[in-house]
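Report on one structure; see the data block that follows.
Values in this document were obtained by computation on a predicted structure and should not be read as measured data. To find a chain, count down the sequence lines: A is the first, B the second, and so on, and within it residues start at 1. Excluded from the calculations below are hydrogen atoms, water molecules and symmetry mates; all remaining heavy atoms, backbone and side chain alike, are included.
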Amino acid sequence: DEMRVALVVKALGIGFFEAAAKGAEEAAAELGNTEIIYTGPTDTTAEGQIEVINALIAQGVNAIAVSANDADALVPALKKAMDRGITVISWDSGVAPDGRMMHLNPSSTELIGNTIIKLAADHMPDGGDVAILSATATATNQNAWIEAAKAVLPNYPGINLVATVYGDDLSDKSYREAEGLMATYPDLKAIIAPTTVGILAACQAVTDAGKIGQVNVTGLGLPSEMAGCVESGATESFAIWNPIDLGYAATYIAHELASGNAKAEPGASISMGRIGSVTLDDTNTGAMSDPFTYDASNIEQFKSIF
Amino acid sequence: MMKRLATSREAILFGAILVLLALIATRFPAFVAPSNLAGVFNDTSPLILLALGQMVVILTKCIDLSVAANLALTGMVVAMINVAAPGVPVPVIVTVAVLLGTLMGAFNGLLVWLLSIPPIVVTLGTMTIYRGIIFLLSEGKWVNAHEMSPAFKAFPRTQFLGLPVLSWVAIVAVIAFYVLMTRTTLGRAIYAVGGNPHAAVYTGINVGRTQFWAYTISGALAGLTGYLWVSRYAVAYVDIAGGFELTVVAACVIGGISIVGGVGTVIGALLGALFLGVINNALPVIDISPFWQMAISGAAIIVAIAFNAQASKTKGRVILKSAEHAA
Amino acid sequence: MTEPAPILALDGITKTFPGVKALSDVSLSLFPGQVTALVGENGAGKSTVVKILTGIYQPTEGRILVDGAETRFPTAQAAADAGITAIHQETVLFDELSVAENIFLGHAPRGRFGLIDWPELMRKARALLDEIGAEIDPSHKLKDLGIANKHLVAIARALSIDARVVIMDEPTAALSHKEIQELYALVEQLKAQGKAILFISHKFDEIFRIADNFTVFRDGQFVGEGKIADVTNDTLVKMMVGRDVSHVFPDRTPVFGDTVLEVSGYDHPTEFADIAFSLKKGEILGFYGLVGAGRSELMQALFGITRPTRGEIRIDGQTTLIHSPADAVAAGIVYVPEDRGKQGAITALPIFQNVTLPSISRTSRRGFLRLAEEFKLAREYTERLDLRAASLDTNVENLSGGNQQKVVIAKWLATRPKVIILDEPTKGIDIGSKAAVHEFMAELAAEGLAVIMVSSEIPEVLGMSDRILVMREGRIVAEVSGDDRTPETLVRHAAGISEG
Amino acid sequence: MNSTSHFVPDRLQSPLARRLKSWETLLLGVAVAIFIANSFASPYFLNAWNLSDATFNFTEKAMIAFAMALLIISGEIDLSVASIIALASTAMGAAVQLGVGTPGLVAIGLGVGLAAGAFNGFLVTRLGLPSIVVTIGTMSLFRGIAFIVLGDQAYRGYPESFAYFGQGYVWWVLSFELVLFAVLAVIYGIVLHKTNFGRAIYAIGNNPTGAVFSGIRVQRVKFTLFLLTGLMSGIAAICLTSRLGSTRPSIAVGWELEVVTMVVLGGVSILGGSGSIPGVVIAAFVMGLVTFGLGLLNVPGIVMSIFIGAMLIAVIALPRLWTMWRRH
Ligand SMILES: Nc1ncnc2c1ncn2[C@@H]1O[C@H](COP(=O)(O)OP(=O)(O)OP(=O)(O)O)[C@@H](O)[C@H]1O
Ligand SMILES: Nc1ncnc2c1ncn2[C@@H]1O[C@H](COP(=O)(O)OP(=O)(O)OP(=O)(O)O)[C@@H](O)[C@H]1O
Ligand SMILES: [Mg+2]
Ligand SMILES: [Mg+2]
């Protein structure tokens with residue numbers, strides 16, 4: 001009978017996840033006889049996600065695909081889900097290996113780490129200070145990208161990472177943190193925000209401080225949200241993978257696993273429908289695709305898509 | 001006069017803020033540059049506005065835990081209006097925000113006044129209800145910067161005589177509240193109601209109605225702040241200013257406003273908010289890990305209330321003639 | 001008849017509170033340029049009338065007439081607007097506000113834009129205070145003032161309203177001799193201005209000195225009215241009490257046992273000093289003084305509520321440290337406080353729980369309640385006091401004042417104390433209960449309990465005590481016994497007048 | 001005195017009759033109604049395992065609510081409970097890194113809870129500060145310490161046996177937490193309703209001055225109640241940490257208000273002096289059932305909180321509106 005796939009996101013209402021939900025519906029339509037339950041807490045807490053997951057277990061859904069607020073705290077709840085025969089995967093922000101069958105990274109961690117530094121460095125021919133504005137200090141994916149970014153820093157001589165601050169994916173907090181960065185480091189050349197909330201807030205803060213042209217805001221953002229920043233010049237360029245594709249792929253994989261068409265094990269190759277297929281490494285993790293860079297030349301084309 | 005000034009709670013708090021600034025300056029001199037201080041003030045303006053409203057409520061022996069939710073709901077509504085009708089001029093938006101906030105404040109006030117439901121229960125309830133309504137209205141979706149009209153976003157940051165309008169709103173509010181609390185009948189009635197509700201009845205003051213007005217005032221400020229907040233940070237979503245109600249109460253408490261009512265001043269509320277504002281802005285700058293921020297403000301609250309309690313230990317009445325002269 | 005028309009009149013006023021009928025069908029008339037004294041025992045309903053006249057209570061039935069026209073005072077402001085002002089019995093003022101503002105709250109002088117004009121406010125307050133001879137700085141906060149000065153502020157507040165009717169509810173109770181004289185002069189002045197004055201007092205000399213008319217209430221009922229010139233002290237008292245005063249108190253032949261309580265060198269930083277006295281089994285020791293003399297504070301210190309700076313308490317010859325009421329109860333000293341509602345009973349709890357509260361360890365086993373035992377103990381003591389109540393499970397708040405007092409006394413007797421301190425034991429309770437309490441006090445003394453009775457009612461003090469200590473300004477100023485036991489001696493010592 | 005004494009019966013109403021008219025009965029009715037509504041609304045509701053899972057929504061909060069109920073009845077409040085959880089959980093996490101075993105972890109969790117409660121109690125009873133602001137302060141302080149210790153890190157690696165508290169089952173669908181909840185409910189019910197200590201709590205809450213004048217050691221009782229609240233927060237910290245299997249400083253954010261809501265919904269007067277443990281137990285179930293029932297319909301949490309908030313006001317407002325309406 002009908003297959004029910006739950007797409008559990010960090011919090012409802014975030015543009016990125018709304019786009020992913022669109023992709024999930026697209027996959028469901030393509031696969032047929034599949035119902036998508038798009039859900040999540042209203043604030044980015046692990047406890048909130050656990051309650052949602054418990055409710056999903058009770059409904060006996062076939063698969064849960066979760067973008068986690070906390071890699072560890074969800075493990076017991078997700079384990080219980082797997083014990084009751086539910087297929088569990090994580091996507092975007094991962095869960096510790098115990099708590100899921102596989103994890104779908106939007107892109108490879110190394111690639112993202114490199115991309116965000118490169119985005120900043122491309123517009124700093126003379127080098128200089130950069131700072132990172134992250135989401136919550138507990139966000140797994142953010143931390144992994146930042147680690148990866150730090151690892152490639154030696155490849156960019158003259159680029160000096162002065163601070164990492166956390167805006168908790170709250171606009172006002174991110175805004176204040178960005179302000180603080182500009183006050184503390186008057187010579188700051190770029191703010192790198194690998195989060196869609198943070199990059200917007202930083203862009204606003206730079207605009208308000210009258211530092212367009214002086215401080216370049218870059219990182220990961222959605223074209224629809226970033227169009228204004230690119231137009232004003234606060235952002236030279238930014239990157240993102242397609243969240244619609246990500247939602248689509250997560251759903252497709254969950255369906256494949258739940259229907260027994262594929263098995264999550266190291267080395268396995270699982271189909272992602274129109275996107276291709278993903279190959280799992282030894283922690284059962286796979287990457288979807290490369291991030292794509294947007295700037296003044298192509299933003300118009302994409303801003304109405306996602 | 002000088003002596004009384006020197007020992008007043010406000011003067012001591014002001015001194016504490018100066019000492020704090022001096023300490024920060026030793027590690028990071030640029031922090032005390034006028035332009036940066038103006039920035040700190042601007043950042044603290046929403047807290048000042050809300051603290052003024054909360055002060056009025058606390059003075060009447062009540063508490064308003066719904067201010068942050070009120071702010072968020074108003075902010076979302078005006079943001080959605082702006083998206084739906086970008087042409088609506090800012091003065092209309094401001095009016096709508098104030099009216100909506102007033103309405104929510106008045107609803108709290110009515111429950112407290114007419115049904116005598118304990119204030120903390122009323123505002124605990126409306127806090128979750130107002131937040132929930134934001135979700136129902138917005139379906140959880142954010143309103144982002146690019147969806148807002150430039151005029152909508154420009155208002156709080158427009159510079160006027162060297163300061164952004166946001167700062168000016170706070171300054172005007174402080175002056176207006178100073179006049180309200182010291183020079184108007186309502187202001188004095190608010191003190192009377194909180195100081196001694198029983199005696200207020202004997203003086204012809206309607207206790208419940210005064211509390212109603214206090215909530216209404218607090219709501220109006222929350223509504224105004226809702227628009228300012230949303231336009232300043234250029235985003236509206238369900239959780240904006242989540243948990244901010246307790247920061248607001250903390251600012252009042254630090255400012256020497258007694259939680260049992262009747263005691264506290266506008267200057268106290270202003271200084272309490274500035275104290276927290278300086279700490280919040282300074283910590284990242286002087287390279288203290290942001291993770292210390294919460295503990296420091298918690299400790300500041302405890303020290304402040306212990307201090308206030310010490311300063312206001314009632315001397316009690318004096319029967320002995322000799323003791324009366326000594327006192 | 002040259003009698004002018006009354007400015008203000010009450011007609012057939014009834015006021016009921018849950019469980020109490022405070023006033024039943026009373027009338028009262030106030031005439032311009034005349035002082036009307038309202039007399040009646042504690043709890044007769046005098047203050048209730050004041051509150052009805054000032055818009056604080058609404059009458060259950062009856063009419064209020066101003067210049068013959070029926071009126072309603074829904075708020076205190078409405079009464080003030082109608083030209084009625086009052087000095088209330090309790091000081092209802094604001095500790096945190098300045099003296100000036102306390103005087104003018106609600107009708108402060110306004111300046112430009114309708115804003116309060118502070119300099120003018122201070123000026124007018126100072127003028128008013130000068131007028132009543134009070135040396136108080138109007139800019140001080142009220143909380144910095146003593147009780148007498150607070151009362152003067154209350155008087156100034158009443159006068160700040162340009163009123164036609166001035167009500168004074170026991171205005172002299174807390175004042176010194178000099179201040180009382182100034183108040184009398186003020187009353188004369190108000191009379192001369194053609195104002196109507198309602199004057200409530202328990203002091204008969206005062207009434208005969210300044211009043212023109214009188215109205216008497218007894219137990220919430222109108223008893224009579226007339227011209228002061230037409231009555232004598234004795235007839236007035238008889239109207240008030242409803243029977244001959246001399247028969248009220250029980251006859252007793254006290255038998256004293258050993259000394260149970262000795263207090264010496266007892267000092268408190270602000271409330272009292274140099275307290276020393278002793279008390280024998282079977283003795284009733286009266287403490288007399290004007291309100292605010294510090295008697296309650298002394299008793300509360302003995303009971304462990306407040307801490308004295310130094311001094312010694314000996315019980316049965318043993319030095320005993322009392323740091324808390326729990327210590328006092330353990331040592332056998334119990335205290336029936338003056339303020340029943342706040343201190344005496346937990347009024348929202350049922351009778352039996354109130355009675356067993358301090359002796360709960362006796363009715364329980366290893367910390368667990370035993371309801372049957374509790375009811376037994378409660379029944380034993382409430383029956384002895386002839387408590388009237390629907391059941392022992394009734395909340396104390398639903399009882400009349402006299403029965404509430406019985407519950408409080410029962411609760412302390414149940415602890416089987418050695419010394420019982422009764423602070424104003426019959427304040428505000430009806431005449432029947434009053435006699436019962438007196439009789440019971442005598443019974444307790446006869447059983448060998450040592451009794452301390454604090455009272456401001458001279459007949460009670462004289463009628464009940466074996467010995468009387470008079471307190472003034474925190475000190476024991478006299479011990480009165482034997483032939484000295486006259487009202488005059490007590491008043492003289494209490495007020496600090498050197499000769500009668 | 002005179003011998004013609006009037007007979008005063010012990011009681012007019014049997015305790016049973018009184019109970020039937022009580023708040024608890026009303027609330028129980030609400031709970032049953034919600035239960036029935038849920039069974040119709042979702043086919044997944046009437047399932048032993050699902051119902052058992054649902055209890056995790058409230059058991060930890062309810063444990064704190066029991067102690068909080070006593071504290072509120074006595075006229076005080078503790079808003080720092082959720083932060084005590086964070087602090088206790090952080091301490092346990094730190095101990096895990098040092099190789100402390102399960103019994104040690106439990107001791108640390110309880111100890112930190114007690115210490116935090118003692119700190120609150122000291123500030124309130126010794127320094128005479130109002131509890132609502134004291135605990136707003138310690139709320140930031142306690143969680144702030146957790147942030148200082150942990151920063152952006154998490155503690156994990158709790159021993160296998162530690163998982164039992166939050167994930168273990170005593171028998172069939174009866175989880176350890178549910179059993180602990182039931183046991184604590186009974187203990188608190190007895191303490192509040194059947195002991196001298198409980199009687200003192202009511203006396204203090206109704207009239208603190210009167211309680212002092214009755215020889216009750218009011219400050220000592222209040223201190224004990226803060227200790228108990230701290231202890232229960234410690235227990236909740238153990239259960240929650242065990243259930244999550246990891247510690248972050250942001251653990252249990254916002255729980256304080258949910259706990260207070262549960263207590264008030266349970267009929268405890270926020271002004272002190274009245275309330276009962278059965279009321280709180282039923283309120284816990286009501287809140288759990290509402291959350292779970294709406295969760296099964298995939299209603300977002302914030303919409304559930306509208307229901308809870310509205311219920312909170314309505315249960316107090318409706319009876320008052322009813323009497324006002326009848327009087328006219
Ligand atoms: N708010 C109230 N609720 C219930 N009973 C009340 C209330 N106010 C007064 N009473 C009762 O009404 C009666 C009259 O009280 P009232 O204060 O008028 O007496 P009084 O004549 O002024 O006595 P006193 O000389 O002691 O001042 C008393 O029995 C009192 O207990
Ligand atoms: N400064 C003051 N401010 C307010 N109330 C006061 C003040 N001084 C005294 N009182 C009140 O006046 C009353 C009498 O004071 P106190 O109890 O000390 O004197 P007392 O000699 O015991 O008089 P009483 O005969 O009333 O018992 C008390 O109710 C007390 O609360
Ligand atoms: Mg009276
Ligand atoms: Mg007294």
Which region of Ile259(B), side chain (C-beta onward) or backbone (N, CA, C, O), has a non-hydrogen atom less than 4.5 Å from a non-hydrogen atom of chain D, or is it both or neither? side chain
Look only at the side chain of Arg131(B) and the backbone of Ile302(D), and say whether a donor-acceptor pair between them is shorter than 3.5 Å. no
Identify which part of Val134(D) has an atom lying under 4.5 Å from any heavy atom of chain B, answering side chain, backbone, both or neither. both
So which residue, Ser83(D), Pro300(D), Ala314(D), Gly128(D), ends up with the most heavy-atom pairs under 4.5 Å with chain B? Pro300(D)
Which heavy atom in Ile129(B) sits nearest to a heavy atom in Gly309(D), and how many Å separate them? CD1-C, 3.9 Å
Leu114(B) versus Met324(D), closest heavy-atom pair with distance: O-SD, 3.9 Å
Worked verdict on Ile308(D) versus Thr128(B) for side-chain contact (heavy atoms from CB on, under 4.5 Å): CA-CA 8 Å; Ile308(D) 307 273; Thr128(B) 56; 5.8 Å; no
For Ile305(B), run the side-chain contact (heavy atoms from CB on, under 4.5 Å) check against Leu129(D), Leu123(D), Ile136(D) and tell me which one passes. Leu129(D)
When Thr126(B), Val121(B), Ile254(B) are compared by non-hydrogen pairs under 4.5 Å with chain D, the top option: Val121(B)
When heavy-atom pairs shorter than 4.5 Å are enumerated against chain D, which of Val249(B), Ile301(B), Ile117(B) gives the highest number? Ile117(B)
Indicate the atoms forming the closest heavy-atom contact of Gly298(B) with Ser140(D), along with that distance. CA-CB, 3.4 Å
If you round to the nearest 0.5 Å, how far is CG of Leu321(D) from CG of Leu115(B)? 4.5 Å
Ranking Val264(D), Ile270(D), Thr261(D), Leu150(D) by heavy-atom pairs under 4.5 Å to chain B gives rank one to Ile270(D)
Sub-4.5 Å heavy-atom contacts with chain D: which residues of residues 58-70 of chain B show up? Ile63(B)
Ignoring hydrogens, what is the shortest heavy-atom contact between Ala295(B) and Ile145(D)? Give both atom names and the distance. CB-N, 4.0 Å
With a 4.5 angstrom heavy-atom cut-off, which part of Val238(B) approaches chain D: side chain, backbone, both or neither? side chain
Met304(D) versus chain B, heavy atoms under 4.5 Å apart: side chain, backbone, both or neither? neither
Leu111(B) versus chain D, the contacting section by heavy-atom distance below 4.5 Å: side chain
Side chain, backbone, both or neither: which part of Val133(D) has a non-hydrogen atom closer than 4.5 Å to chain B? both
If you draw a 6.0 Å radius around CZ in Phe223(D), do more than 12 non-hydrogen atoms from other residues or ligands fall strictly inside? yes
Among Ile120(B), Leu124(B), Val253(B), the residue with the most heavy-atom pairs under 4.5 Å to chain D is Leu124(B)
